Amino acid sequence: MILLLQYTIIFAAVLLLVALGGAFAEHSGVINIGLEGIMVIGALGGALAMSKINIEYGGFVIVVSTIVASAAAGLIFSLFLAVAAINFKADQTITGTAMNMLATAGSTVAVKAMNTAASGGSDVSSAIRYINQKQFFIHRFGDFEFSWFMLVAVIALVVAYIVMYKTRFGLRLRACGEHPQAADSVGINVYKMRYAGVLISGVLGGLGGITFITTGVSEWKFENGVVGFGFLALAVMIFGAWDPLRIAGAAVIFGLFRALGNVHTGIPLLEHLGIPGAVYNMLPYIVSLLVLAFTSKRSRAPKAEGIPYDKGLR
Amino acid sequence: MSPLKKRRSVLRSDGLQTLISSLLCIILGLAVGYLVLLLINAAGAWDATMAIVKNFFKFTKAETRMKNFGLTLAKTAPLLMCSLSVLFAYKVGLFNIGAAGQYTAGVCAALIFALHPNFLWPWWACLLVAVAAGAILGAICGALRAYCNVNVVISGIMLNWITLYLTNWVLAWVKNPASPYTKELRSVNTSALIPSMGLEKFFNNKNVTISVVLVLLIAVVIWIILKKTKFGYELKATGNNLHAAKYCGMKENRNIILTMVIAGALAAAGAGLFYLAGIEEWSTTQSAVPGMGFNGIAVAFLGGLNPLGAILSSYFIQHITTAGGYVNLQVYSAQISDFISSMIIYLCAFVGFFKMFINLRLDKGEERKARKAALLASTEEGGADE
């Protein structure tokens, strides 16, 4: 049962981080379908930092630099979306889809190249070795494994709530997603605000990515991408009505369903039911489809999301 | 001839602009791929890039070349179907990222009816159930969009994962006991193999079947539907402006669902045509949906969202994807091809901007010419006055 709780919290943390990222981008008026790819690149940055830093520097340095590296990697990769969607007014769905494919293919190519070079051609796997360094992220309280990433997610939630609703920046950001023409007319730079929204989503997506790949016991193979978690996070965001606190609630529910897939064999009651493992694997996706079917009708999506802002059309 | 009707520059033609921008995307995509290979290992980067561009041309024997050309063609068939699925849905403004899942559903239905001892159906029946499976998946996606306002990208992705787990589970019933792969069609049920009608001999490759010809016909049919029929016109109108289409009395919900049904059927038919040719078996431990559906997106946009353009672009993308295996795998990985095709899709997002840029330049040029002509006319007039 404690295992279920632990997995629920860590998966909820992933979904929360990424969904908050999605909310920032969409509140500024840009749909970020590329979150999945941003997660992969963030994971790549974090995993590289984790594996390259000398273990003798100690836990603090490793934890902080991993977090910074994954956030930075996500931020840089989100520029692909920002430049295309904001400056070139490109189709945001195509751009995002391309980013997802680019991230998985690119990181696989990069990691395989590093492994092949390091091993002289004998190791062509797409995994980065960081087992020893990963220990620093985990603290055991009895059977419960606390991960620093859980704390990161909680901090992100508090900060996101304050930034979005209690600051001038947050108000301006949301204005750009609702009615960019009006925002522009009172002197807000819509392009800058949209850049801010996308880059914040890059940071949060990157953090979500490193959190996700370190949830497993073994090393993560980059050719798998992040198995649709970026899209699950988008479902969480929609279910959470683009509001940080509601997103947190939605993330916990989705995290629970995802965790069931991981631990169902360890719970006697569920094992007794004899439901095949495939059903548990499908569960989070089925639930999110159902939830979306019931909640999308009265959408609270920012009004101007997905529409490139053209100053000339004011 | 009316003086208002000016001679239009050839560059104004939309088809030509699409062709130019697609070629530009390909060249830039390959260039970026080359740069990445350079970063990994400078010594073999050029050879690796050439290996990707050349594919089967690298073989010196004409026979081997033909055989590998046949293999590329056989793999192009499902890709073309997936891209037709994507572009058909896109005409109604729907982004069918679920093509990958619909493709997987097609694999699942075709193989279970071909391999399970209770069925052992012939190929055409298996193909029909595959089409039906894809159509159902498309219908779910379309109905969710039409009645519940669910974004098709997100529902498509969810359905992709659901279908993947379902397929792995179902096809485990007909898998080889010793491996994660499904049983071979050739050894279990030869009637489920799509006939080749002599193509096999021509290409000296038993994988080449009539699928290759069938998909070309389907592409032409789709082109006719979109270009020449009332249904196609309604679809495009709905895609351009949903509210206007509704106002004109078009049934927008029906059109959305019908489009997704057809899109799903197309992708799944591609899967049936590929897996029933006995080229590959399905691995029941697969951890992601096949890339075919996603590559279909690249192909659709690279082909300028035109079914006939998709024929060319699907061949090109498959050409470089197959060739990914020919790079020096001691140094590079085969995924470099995926990287190049995803780079090409990313660049395709800029096509609109590129076209705008060409048109703007042309506008300026014409304006300048007009001004010059006006100036000339006024000076001549002035001369006559004197």
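Below, chain A is the first sequence line, B the second, and so on; all start at residue 1. No experiment lies behind these values; they were computed from the predicted model shown.
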Less than 4.5 Å apart, any side-chain heavy atom of [X] and any of [Y]?
{"X": "B/W169", "Y": "A/P276", "value": "yes"}
{"X": "B/V331", "Y": "A/T116", "value": "no"}
{"X": "A/T97", "Y": "B/I297", "value": "yes"}
{"X": "B/Y90", "Y": "A/I94", "value": "yes"}

Any chance you could measure [X], atom [atom1], to [Y], atom [atom2], to the nearest 0.5 Å?
{"X": "B/F357", "Y": "A/F88", "atom1": "CZ", "atom2": "CZ", "answer": "10.5 Å"}
{"X": "B/I40", "Y": "A/M114", "atom1": "CD1", "atom2": "CE", "answer": "9.0 Å"}
{"X": "A/K112", "Y": "B/Q335", "atom1": "NZ", "atom2": "CD", "answer": "4.0 Å"}
{"X": "B/I97", "Y": "A/N100", "atom1": "CD1", "atom2": "CG", "answer": "6.5 Å"}
{"X": "A/E223", "Y": "B/S333", "atom1": "CD", "atom2": "OG", "answer": "9.0 Å"}
{"X": "B/F95", "Y": "A/T93", "atom1": "CZ", "atom2": "OG1", "answer": "6.0 Å"}

If you take all heavy atoms of [X] and [Y], which pair is closest and at what distance?
{"X": "B/V150", "Y": "A/L292", "value": "CG2-O, 3.6 Å"}
{"X": "B/C148", "Y": "A/A293", "value": "CB-O, 3.3 Å"}
{"X": "A/L81", "Y": "B/Y346", "value": "N-OH, 4.5 Å"}

What part of [X] lies closer than 4.5 angstrom to a heavy atom of chain B: side chain, backbone, both or neither?
{"X": "A/I238", "result": "side chain"}
{"X": "A/K89", "result": "neither"}
{"X": "A/F294", "result": "neither"}
{"X": "A/A84", "result": "both"}

Practice task
Could you go through the side-chain contact (heavy atoms from CB on, under 4.5 Å) check for B/N295 and A/M101 one step at a time?
Solution key: CA-CA 9 Å; B/N295 278 344; A/M101 299 170 66; 3.9 Å; yes
Completion exercise
Answer key: most heavy-atom pairs under 4.5 Å with chain B among A/V227, A/I286, A/T95, A/N224 is A/V227
Completion exercise
Of the listed A/S288, A/A85, A/G277, A/A105, the one with the largest count of heavy-atom pairs under 4.5 Å with chain B is A/A105
Exercise for the section: Mark yes or no for whether B/N149, through its side chain, and A/S296, through its backbone, hold a donor-acceptor pair below 3.5 Å. Expected result: yes
Practice task
Pick out which of A/L234, A/V287, A/L289 makes a side chain to side chain contact (heavy atoms under 4.5 Å, CB included) with B/M158.
Solution key: A/L289
Problem - Heavy atoms of other groups near B/K355 NZ, more than 12 under 6.0 Å - result: yes
Handout entry: Residue A/K221 excluded, over 12 heavy atoms near NZ under 6.0 Å
Key = no
Handout entry: Contact class of B/F301 relative to chain A, heavy atoms under 4.5 angstrom
Key = side chain
Exercise for the section: Can you label the angle between the A/Y285 ring and the B/W161 ring as parallel, tilted or perpendicular, going by 30° and 60°? Expected result: parallel
Completion exercise
With chain A, the option among B/I345, B/D338, B/I162, B/L164 that has the most non-hydrogen atom pairs under 4.5 Å is B/I162
Problem - Options B/I140, B/N168, B/L166, ranked by heavy-atom pairs under 4.5 Å with chain A, top entry - result: B/L166
